[in-house]
There are 2 protein chains.
Amino acid sequence: MAKKPTLRDVSEATGLSSYTVSRALSNGPDVSAASRKLVLKAARELGYVPNRAAQELRKKSRSSVAVITASTSNYYYLDLMKGVQRVLRVSGRNAVVADIAAEGVYTPEVEDAIVQDLIQSRTAGIITTLTLSSENVKLLESWDIPVVFVDSAPPEDATQVPSILTDNYAASMKAGAHLARHGYTDWLFLAYPGRWSTRAERERGLQEAATKHGAALRVLETENDSDSACKTLSSYLNTPGRTLPRAIIAGNNPLLHGVLTALKQREIVVPTQVALMAFDEFAWAPLLDPPLTVVDEDSESIGVLAAQTLTRILDGQLEAERRGDPPVPSYRPEDRREVNADLIVRQSCGC
Amino acid sequence: MAKKPTLRDVSEATGLSSYTVSRALSNGPDVSAASRKLVLKAARELGYVPNRAAQELRKKSRSSVAVITASTSNYYYLDLMKGVQRVLRVSGRNAVVADIAAEGVYTPEVEDAIVQDLIQSRTAGIITTLTLSSENVKLLESWDIPVVFVDSAPPEDATQVPSILTDNYAASMKAGAHLARHGYTDWLFLAYPGRWSTRAERERGLQEAATKHGAALRVLETENDSDSACKTLSSYLNTPGRTLPRAIIAGNNPLLHGVLTALKQREIVVPTQVALMAFDEFAWAPLLDPPLTVVDEDSESIGVLAAQTLTRILDGQLEAERRGDPPVPSYRPEDRREVNADLIVRQSCGC
DNA sequence: GCCTGCTTTCTAATCGTTTAGGTTTAGGTT
DNA sequence: AACCTAAACCTAAACGATTAGAAAGCAGGC
């Protein structure tokens, strides 16, 4: 098409002013049924499609929410998104995902760039699975963009910011207790870096369980992807004098994948030679060899909770703006929530 | 923040005009080093962040491309995205995914709504894994938005539109030949709906192989998600007088999940009672019980190819626009490409 | 002193919408 | 006839950036 039709073209075609056309197209008041029909017909015939950029520039209300994730190949995020989408859809907003570790590794520079980008596009609100830097949280706050933390905790000085966290400490205790019941006393926790705040809680819970039940816990840290996990575990087991632990706990889904491939390469059988447990339930867990015992966070309902909290805040901002007040996000104490996680016992633990 | 700083604020703070400020911030020419430094400093101090909507409205060049998928839980798309992202990143564009079957089911209305939405946001280009309606392809064309089809074929009357397709016919023949070599003569193909054009090719290849090797092929259609697949297969096997086939071929990744859960429920063991094969390789395939024989499309490199084709077209449009020509996408015959798929033989087929 | 050419800067129009505030019109009341 | 009301519509000013086109400043050459 040589020239894309604009509102003005529709206006000229119908003989009505841009005001009336705009109202007609957005189903607003102050338009007669006859005019509305006329406008819609002309718009269709001309192939008019409104320009989102112009709309957003003019009206202040933004409508899309961003979900910040690290490594989309983690099943946890897929379920989370499902929950988020379901809630946002009904309030007419939409979610986009911003993958902060798209290339596999996290860097503070990428974090800054993504936050910068989200401000540029005047995102309505943010749900983040990563602990953002204190500076970035403040920056977003200064732009009146509400943030909800899921899975990862907010930075320490952001005491008001909402969060939906899992009680990873309790969950890890449960996991440890189960291992102890099997009589295993030699555990290895393969962990992602401490940048994700769940890491510390999970380690703390396992440690507590270990000392309580007289077991020994070793912690092995790796980058947050399958390949690194596989290599880290392999080279750990390769170092002479190292004994195979009786039980391995994989810190999350990609790490589990790394562990399983490493074990398969060395033909170590689960659970007879090593017991295996992992954090984060996912669709293929029951179909693995052997079916996997996991700590289940129910990430979909966490997504629902997070999205509900965010929509409430966003609606509050809209309301304030209509009153003429500044649209500062209002956080409530009950927006800081902690949910439980359960152990789904299958066979990889030895059951 | 009470009032968000705009370019104008930076301009007033520095005493320079908006022109100079704009140039300085976008690293353009025509601005002295001293002014540039001054502007950057002021911008930082004020906490200025450019308004994307205003930028996009003013300059014509759009920079984000959309990938249309159906059901993000299909691993195929994750790998595809990885390839797409990698290519786009270097040309300074970014990819967003538009999930057309977010709620699980596809409807033409959702397709229309998504296309409408992509035009509204003046998306630079589209990579789609779904055969769009002929009308939508024409609509996008009239807005000069180039489209590249991957996996699914373009509608029949869109003879110019680029596409990266897999030779599913040949791949299915290979798969069938392998089943025949095992001596299986009774095959069941669990297929997603024909809306995805690969369905027909895959069925045709399997059918051809079946007749060639004297086997019988039954085709069972199901909706394109795990749950439906599980239910469909279960009720198929439940109908009295139905015998268990000797081999099952799952049409794609979610369907495979459905098949495995259905088989597990009825305690049918693979591969001794039924052999199993599936389309689309994915990370967990080697770790399933038993390790899965799959047809591998190498979706990551398909993503790379698609993104390369699209960037070439987009660059061409930019070039044309600079010359003052209309930015119609120019398609080349070699943009219609077909890639091969291989069989990755593991153990679920009986090997 | 005038002209030329170069760099740096400014002015003002523009992109395509929405909307505050005002005006017209039709119809009803008194 | 004079006045009022509400619905329907219009005019024109935003929103916040980019960018032609014009202009100012400066150096060097004649």
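Residue numbering restarts at 1 for every chain, and letters A, B, ... go by the order of the sequence lines.
Nucleotide C:dT19 holds its P atom 11 Å from the CD atom of A:Glu321, rounded to whole Å. Protein atom CG of A:Leu7 is 12 Å distant from nucleotide atom C1' of C:dT19, rounded to whole Å. One can place CD of B:Glu56 at 13 Å from P of C:dG16, the figure rounded to the nearest angstrom. The separation between A:Lys59 atom NZ and C:dG16 atom C1' is 13 Å, rounded to whole Å.
B:Arg58 pairs by the salt bridge (Lys or Arg N to Asp or Glu O under 4.0 Å) definition with nothing, not counting sequence neighbours. Qualifying side-chain hydrogen bond (donor to acceptor under 3.5 Å, both in side chains) partners for B:Thr107, counting only residues two or more places apart in sequence or in other chains: none. With sequence neighbours left out, B:Arg23 forms a side-chain hydrogen bond (donor to acceptor under 3.5 Å, both in side chains) with no residue at all. Remark: B:Asp157 engages B:Ser134, B:Lys138 in a side-chain hydrogen bond (donor to acceptor under 3.5 Å, both in side chains) (not counting sequence neighbours). Checked against salt bridge (Lys or Arg N to Asp or Glu O under 4.0 Å), B:Glu109 has no partners two or more places apart in sequence or in another chain. Under the salt bridge (Lys or Arg N to Asp or Glu O under 4.0 Å) criterion, B:Asp112 pairs with no residue, sequence neighbours left out. Residues satisfying the side-chain hydrogen bond (donor to acceptor under 3.5 Å, both in side chains) criterion with B:Ser32, sequence neighbours excluded, are B:Ser35.
Of the options B:Asn136, B:Thr131, B:Leu130, a side chain to side chain contact (heavy atoms under 4.5 Å, CB included) to B:Ser133 is made by B:Asn136 and by none of the others.
Using a 3.5 Å distance cut-off with no hydrogens or angles, the side chains of A:Thr6 and A:Arg8 do not pair a donor with an acceptor.
When DNA chain D is scanned in the 5' to 3' direction for atoms under 4.0 Å from non-hydrogen atoms of chain A, the outermost contacting nucleotides are D:dA8 to D:dG16.
When the local axes at the two ends of the helix from C:dG1-D:dC30 to C:dT30-D:dA1 are compared, using 5 base pairs at each end, they differ in direction by 60° after rounding to 10°.
Among residue pairs with one or both ends in residues 35-50 of chain A, those qualifying as salt bridge (charged side-chain N to carboxylate O under 4.0 Å, His left out) are A:Lys41-A:Glu45; sequence neighbours excluded. Among pairs with a residue in residues 117-129 of chain A, those fulfilling salt bridge (charged side-chain N to carboxylate O under 4.0 Å, His left out) read A:Asp117-B:Arg52, at least two apart in sequence or across chains.
Residue-level contact check: B:Arg52 touches neither bases nor backbone, having no heavy atom under 4.0 Å from any strand.
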Original post:
When you check every protein heavy atom under 4.0 Å of nucleotides 8-13 of chain C, what one-letter string (B, S, -) results, 5' to 3'?
Top reply: BBBBBB
